[in-house]
Structure formats: C-alpha cells, structure tokens
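A quick write-up on the structure given underneath.
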Amino acid sequence: MNPMKMRDMAEKYVIAYNSSDIEGMIALLHEEIEFRNFSNGSVDVETKGIEEFREIAEQSKSLFSHRSQTIVGYSFEDDKLQIELDYEGILAKDLPNGIKAREKIQMKGKSVFAFKNDKIAVIEDYS
C-alpha cells in the first residue's frame with residue numbers, strides 16, 4: 001500500500017476514534033485485526049479479530065467522557081505507518097489505580113499500523 005493511502009486510513013481511524021464512532025473505526029479494519037496496547041514497555045491489552053476489538057473499544061469508550069488523539073508526526077517503514085500522538089482524556093469513572101472520575105489524563109504516545117488487503121491489519125499503541 002502506498003504511504004499516502006496508509007496515512008489517509010490512519011487519519012480516518014483517528015477521526016472515528018475521536019468521535020467515539022466504533023463502527024467507523026471497524027469499517028477500516030481487516031477481519032483478523034490484531035490490536036495490542038503497550039504501557040510502560042509491556043502489553044496490557046491484546047485482541048484478535050473484529051469482535052474482540054469491538055468489545056475492547058466499547059469498554060474503553062465507556063471509561064471516558066471525552067478523549068482525543070492529535071497526530072503530531074508520521075513515519076513510514078516498509079508496509080507500516082507510525083503516527084506520533086498527543087492524547088487527552090477526561091475520565092467518566094474512577095479507576096482501580098486511584099485516578100478519579102473527571103480527572104484529565106494527558107500523554108504522548110504512538111500508534112503503529114500495518115495493512116493487509118487495503119485494510120488496517122495490526123494496530124499497536126504505545127504510551
């Protein structure tokens with residue numbers, strides 16, 4: 001897939017994410033989508049397939065009253081696209097780690113996308 005198409009798909013994904021449009025996100029995904037979230041160097045969430053992805057997306061959406069990713073950079077390597085992100089979210093409920101509802105979370109991160117058959121086949125989020 002050419003870099004401009006990869007970038008376009010990633011931008012559409014982020015727009016859908018920011019709008020809490022889970023169906024819009026899923027429309028861009030390969031049926032065997034692999035999703036992994038890395039936090040502090042280790043995997044804390046991993047899914048395979050559309051249905052597992054949908055479940056985790058619904059759970060994540062319910063944790064926040066507002067959330068937003070802003071793309072601040074792009075890089076390409078082979079068949080992968082990496083986007084650098086600024087993330088902001090406001091919690092909708094208390095978390096077990098002591099963070100309270102209505103608290104704002106801000107962080108920098110990145111997402112790596114791999115593609116198959118003109119769809120997003122792998123998403124790896126790093127924070």
Side-chain angles (χ1 to χ4, degrees):
M1 180 181 295
N2 77 53
M4 290 309 293
K5 185 162 184 176
M6 286 190 260
R7 182 175 168 159
D8 181 57
M9 289 187 74
E11 288 174 350
K12 286 179 180 173
Y13 177 86
V14 169
I15 289 167
Y17 177 93
N18 288 345
S19 301
S20 297
D21 178 7
I22 292 171
E23 292 309 312
M25 293 163 58
I26 287 174
L28 300 164
L29 304 180
H30 189 276
E31 63 187 20
E32 297 173 0
I33 180 69
E34 295 178 28
F35 171 79
R36 287 177 282 282
N37 187 78
F38 293 84
S39 183
N40 298 319
S42 61
V43 176
D44 62 359
V45 176
E46 186 169 12
T47 68
K48 184 163 176 83
I50 292 279
E51 290 311 311
E52 285 184 18
F53 182 91
R54 183 189 314 273
E55 286 175 30
I56 201 69
E58 291 286 353
Q59 290 171 10
S60 177
K61 176 181 166 182
S62 73
L63 290 177
F64 295 91
S65 60
H66 165 79
R67 62 184 186 171
S68 176
Q69 293 181 344
T70 303
I71 300 171
V72 295
Y74 299 88
S75 61
F76 300 92
E77 184 178 319
D78 300 323
D79 64 339
K80 294 183 180 176
L81 164 65
Q82 177 176 296
I83 58 174
E84 302 294 326
L85 297 163
D86 286 340
Y87 179 86
E88 180 179 291
I90 298 173
L91 288 171
K93 50 180 115 176
D94 295 348
L95 297 181
N97 65 3
I99 301 174
K100 300 293 183 191
R102 296 180 298 285
E103 283 190 45
K104 182 187 270 190
I105 297 172
Q106 291 180 300
M107 65 180 130
K108 295 192 176 294
K110 68 180 180 181
S111 291
V112 177
F113 295 85
F115 301 86
K116 181 179 179 182
N117 300 332
D118 292 329
K119 296 279 193 172
I120 300 169
V122 177
I123 303 171
E124 293 181 338
D125 289 342
Y126 297 85
S127 60

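Basis for what follows: all heavy atoms, side chains included, without hydrogens, waters or symmetry-related copies. Residue indices begin at 1 and follow the sequence shown.
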- For the student: nearest non-hydrogen atoms of S127 and M107, plus distance: CB-SD, 3.6 Å
- Residues D44 and S39: closest non-hydrogen pair is OD2-CB, 3.4 Å
- To the nearest 0.5 Å, atom OG1 of T70 lies from atom NZ of K108 at 9.5 Å
- Taking a hydrophobic cluster as the set of Ile, Leu, Val, Met, Phe, Trp and Tyr residues connected by side-chain heavy atoms closer than 4.5 Å, whether directly or through intermediates, do I120 and V122 fall within one such cluster? no
- So M6 and F76, side-chain contact (heavy atoms from CB on, under 4.5 Å) or not? Walk me through it. CA-CA 9 Å; M6 286 190 260; F76 300 92; 4.2 Å; yes
- Spell out, as yes or no, whether a donor-acceptor pair under 3.5 Å connects the side chain of D94 to the backbone of A101. yes
- Residue pair S20 / K61: nearest heavy atoms and the distance that separates them: O-NZ, 3.5 Å
- Is a side-chain donor or acceptor of S65 paired with a backbone partner of I90 at a separation under 3.5 angstrom? yes
- Note on the structure: Of all heavy-atom pairs linking A16 and G24, the shortest is CB-C, 3.9 Å
- Can you find a heavy atom in the side chain of D118 that is under 4.5 Å from one in the side chain of M1? yes
- Query: Quick one: does L85's side chain get under 4.5 Å of I71's, heavy atoms only?
  - Reply: yes
- Any chance you could measure E88, atom CD, to Q69, atom CD, to the nearest 0.5 Å? 12.0 Å
- Test item: F113 and M9 side chains (from C-beta on) under 4.5 Å apart, heavy atoms: no
- Side-chain donor/acceptor of S60 to backbone N/O of I56, under 3.5 Å: no
- Looking only at non-hydrogen atoms, find the nearest pair between S62 and Q59 and report the distance. OG-O, 2.8 Å
- Does R54 come within less than 4.0 Å of E58, counting only side-chain N to carboxylate O? no
- Does the side-chain contact (heavy atoms from CB on, under 4.5 Å) test come out yes or no for K5 and F115, once each step is laid out? CA-CA 10 Å; K5 185 162 184 176; F115 301 86; over 6 Å; no
- Message: Measuring only between side-chain heavy atoms, which start at C-beta, is F64 closer than 4.5 Å to L91?
- Response: yes
- Nearest-0.5 Å distance, OG1 of residue T47 to CZ of residue R36: 9.0 Å
- Message: To the closest 0.5 Å, what do you measure between CD1 (I105) and CG (L95)?
- Response: 6.0 Å
- N/O donor-acceptor pair under 3.5 Å between N117 side chain and K119 backbone: no
- Message: Within the 4.5 Å heavy-atom criterion, are E11 and I83 side-chain neighbours or not?
- Response: no
- Message: Working to the nearest 0.5 angstrom, can you tell me the gap between K93 NZ and R102 CZ?
- Response: 14.0 Å
- Message: Run I33 and I26 through side-chain contact (heavy atoms from CB on, under 4.5 Å) and show every step you take.
- Response: CA-CA 9 Å; I33 180 69; I26 287 174; over 6 Å; no
- Query: Under 6.0 Å from the CG atom of N2, do we count more than 12 heavy atoms belonging to anything else shown?
  - Reply: yes
- Query: Mind checking who shares a hydrophobic cluster with Y126, ILVMFWY linked at side-chain heavy-atom distances under 4.5 Å?
  - Reply: F38, V43, V112
- Task: In sequence, state the C-alpha distance, the side-chain angles, and the governing distance for D125 and V45, and then conclude on side-chain contact (heavy atoms from CB on, under 4.5 Å).
- Result: CA-CA 10 Å; D125 289 342; V45 176; over 6 Å; no
- Could you check if a side-chain atom of E52 sits within less than 4.5 angstrom of a side-chain atom of F35, using non-hydrogen atoms only? no
- Determine whether Y13 and Y74 fall in the same hydrophobic cluster, where Ile, Leu, Val, Met, Phe, Trp and Tyr are linked whenever their side-chain heavy atoms lie under 4.5 Å apart. yes
- Kindly indicate whether a cation-pi arrangement holds for R67 with Y87, taking the cut-offs as under 6.0 Å to the six-membered ring centre and within 45° of the axis. no
- Message: Please find the pair of heavy atoms, one from H30 and one from A121, that lie closest to each other, and give the distance.
- Response: CB-CA, 3.9 Å
- Does a sphere of radius 6.0 Å around NZ in K80 hold more than 12 heavy atoms from other residues, nucleotides or ligands, not counting ones at 6.0 Å or beyond? no
- Item | Presence of salt bridge, K110 and E84, under 4.0 angstrom | no
